[in-house]
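The structure appears right after this line, and notes come after that.
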Amino acid sequence: MSPVARPGPSAVDPSRPFGAHLRMSWWKPFVLVLALPLVLVVLQVLAYQLVGVIEGSDDPLSPELTPLKSLAVNVATGATGLVAVLLLVWMTRVPWSALFSSRRAFDRRRLAHYSIGAALMVGAGAGVVGAVAPASTGWTTFAISGTTIAFLTITLLTTPIQAAGEELIYRSVMLPAAASWVRPVRPALAVGLVVSALGFAVVHGSTDLWLAGYFTVVAVSTGLMAILSGGMEAPIAFHVVNNVLFGVISNVMSGGGTTTIDRATDTGDASLLILVAVNVGMVVLVATYERRRRRTSEVPAHRPDGTS
């Protein structure tokens, strides 16, 4: 009689916090860290080429952003996020729900609360930047044209897909994958944050030190949000709200025409420190909210007669 096969160890370690909760062979994170940015770039280039054929453009990779190019980028990024989740689930047999939260279920109330907080913070940050450093924003004049309406429609409908896709790639998958290289929890989280943040910054392709630094801060901040809250509600909420709000403002303040993506040297400046403060403020908000929730859950329930 053949012996009964024993199930292998689970890829999820519930004793560890979100971000360091996955266990996998050492080579699997290498595959994910190297393959996912490549998939993202390839899908975006192919999408740009398709748009170039549709628009009859001689240079589909030019920095000018048309409505169709915006749609192409958003869809390609969302598709890469889906590939990231499916690839990790296939490689490790981890439940897909473990990539959205650990030790608890995904919480829609958290998502709503963090979306409101992010809207207030990002809106305030955009207002301050527009007031104290208008030249750094790239905003010109307010105008509503057919192009503006097309941009707004694409921004509202597909930018949430793009932002959520980036969070799936870098915070749901790459962060815990890289963290699995290290067993002690705090060093593991540090490794995950560094690897996922650098991957995020590099793929955004800026040669300007201010912009490259800002992209790194965004990645570290959203990674900390995920770790502190034990799930993806806060980073998804912040990233979606940030990209949608700035997208809408840029749409209506582009003079009714197209915009340009320029991340070359000397395109960023010290005004980005205001947006860095917004990111830090959101991390503080998440830490405070989660601490309050823990304290509330730890308070024992009392019966009507006063006994616990």
Side-chain angles (χ1 to χ4, degrees), residues 36-84 115 118-119 122-123 125-126 129-130 136-170 200-206 208 211 214-215 218-219 222 235-264 267-268 275:
L36 292 177
L38 181 61
V39 170
L40 177 59
V41 172
V42 168
L43 287 181
Q44 288 189 350
V45 170
L46 291 176
Y48 268 12
Q49 295 291 346
L50 177 60
V51 170
V53 172
I54 296 172
E55 295 181 337
S57 172
D58 295 329
D59 184 12
L61 299 181
S62 70
E64 181 185 10
L65 188 66
T66 64
L68 278 181
K69 277 189 175 181
S70 178
L71 175 63
V73 169
N74 292 347
V75 172
T77 307
T80 306
L82 181 60
V83 169
S115 295
V122 173
V129 171
S136 68
T137 62
W139 305 333
T140 56
T141 55
F142 177 85
I144 301 294
S145 65
T147 300
T148 306
I149 293 173
F151 267 124
L152 287 173
T153 302
I154 290 168
T155 297
L156 294 174
L157 294 180
T158 67
T159 294
I161 296 173
Q162 173 265 331
E166 287 192 327
E167 288 307 308
L168 293 179
I169 298 167
Y170 295 101
F200 182 84
V202 169
V203 167
H204 279 73
S206 176
D208 180 84
L211 281 174
Y214 174 67
F215 289 135
V218 171
T222 49
I236 289 176
F238 178 76
H239 204 151
V240 168
V241 168
N242 181 79
N243 287 15
V244 168
L245 279 183
F246 272 101
V248 168
I249 295 172
S250 297
N251 295 159
V252 300
M253 294 298 294
S254 63
T258 59
T259 59
T260 300
I261 301 176
D262 187 3
R263 294 171 181 164
T267 52
L275 303 183

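All residue numbers refer to positions in the sequence shown, counting from 1. Note that the coordinates shown come from a computational prediction; the quantities given were computed from them, not determined experimentally. No hydrogens, no waters, no symmetry mates; every other heavy atom, side chains included, goes into these values.
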Checklist entry - Stepwise, does the side chain to side chain donor-acceptor pair (under 3.5 Å) test hold for Glu55 with Thr66? => result CA-CA 10 Å; Glu55 295 181 337; Thr66 64; 2.8 Å; yes
Next on the checklist: Between Thr258 and Glu64, is the side chain to side chain donor-acceptor pair (under 3.5 Å) condition met? List the steps.
Outcome noted: CA-CA 7 Å; Thr258 59; Glu64 181 185 10; 2.8 Å; yes
Checklist entry - Is there a side chain to side chain contact (heavy atoms under 4.5 Å, CB included) between Ile149 and Thr153 once you walk through the steps? => result CA-CA 6 Å; Ile149 293 173; Thr153 302; 4.2 Å; yes
Next on the checklist: If you apply the rule side chain to side chain contact (heavy atoms under 4.5 Å, CB included), what do you find for Phe200 with Ile169, and how did you get there?
Outcome noted: CA-CA 9 Å; Phe200 182 84; Ile169 298 167; over 6 Å; no
Next on the checklist: Is there a side chain to side chain contact (heavy atoms under 4.5 Å, CB included) between Leu65 and Thr260? Walk through the geometry before answering.
Outcome noted: CA-CA 5 Å; Leu65 188 66; Thr260 300; over 6 Å; no
Item to check | Steps toward side chain to side chain contact (heavy atoms under 4.5 Å, CB included) verdict (Thr148, Ser145) | outcome: CA-CA 5 Å; Thr148 306; Ser145 65; 3.2 Å; yes
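Contact of the Phe215 side chain with the Val202 side chain is not registered, since no non-hydrogen atoms from C-beta on lie closer than 4.5 Å. Residues Thr222 and Glu167 meet the side-chain proximity criterion, which asks for heavy atoms closer than 4.5 Å. Counting only heavy atoms from C-beta outward, the side chains of Leu275 and Phe246 approach each other to under 4.5 Å. Side chains of Ile161 and Thr77 form no contact here, defined as non-hydrogen atoms less than 4.5 Å apart. Put simply, the side chain of Thr159 does not reach to within 4.5 Å of the side chain of Val240, judged on heavy atoms. Glu166 has its side chain out of reach of Val203: every pair of non-hydrogen atoms, C-beta onward, lies at least 4.5 Å apart.
Residues Lys69 and Asp59 share a closest heavy-atom pair of NZ-O, 4.2 Å. Summarising the geometry of Gly257 relative to Thr147, their closest heavy-atom pair is O-CG2, 3.8 Å, with the distance given to 0.1 Å. Minimum interatomic distance between Thr140 and Gly255 (heavy atoms only, all atoms of both residues): OG1-N, 3.4 Å. Across Pro60 and Gly52, no two heavy atoms sit closer than the pair CB-CA, 3.8 Å. Ser250 and Trp139 make their closest contact through OG-NE1, 3.4 Å (heavy atoms, listed as atom of the first residue, atom of the second, distance).
How far CD1 of Ile144 is from OG of Ser254: 8.5 Å, rounded to the nearest 0.5 Å. Interatomic distance, CG of Leu168 versus CD1 of Ile236, reported as 5.5 Å (0.5 Å rounding). Atom CD of Gln162 sits about 13.0 Å away from atom CD1 of Ile154, to the nearest 0.5 Å. Between atom CG of residue Leu211 and atom NE2 of residue His204 there is a gap of 10.5 Å, rounded to the nearest 0.5 Å. Atom CG of Asn74 and atom CD of Gln44 lie 9.0 Å apart (nearest 0.5 Å). Separation of atoms CG (Leu38) and OG1 (Thr80) is listed at 10.0 Å; rounding is to 0.5 Å.
In this structure, Ser206 contributes its side chain and Ala201 its backbone to no donor-acceptor pair below 3.5 Å. When atom types are taken as modelled, the side chain of Asn251 and the backbone of Gly247 share a donor-acceptor pair closer than 3.5 angstrom. Listed for the Thr158 side chain is no donor-acceptor partner under 3.5 Å among the backbone atoms of Thr155.
Checking each of Val241, Asn242, Val248 against Leu245 for a side chain to side chain contact (heavy atoms under 4.5 Å, CB included) leaves exactly one that passes, namely Val241.
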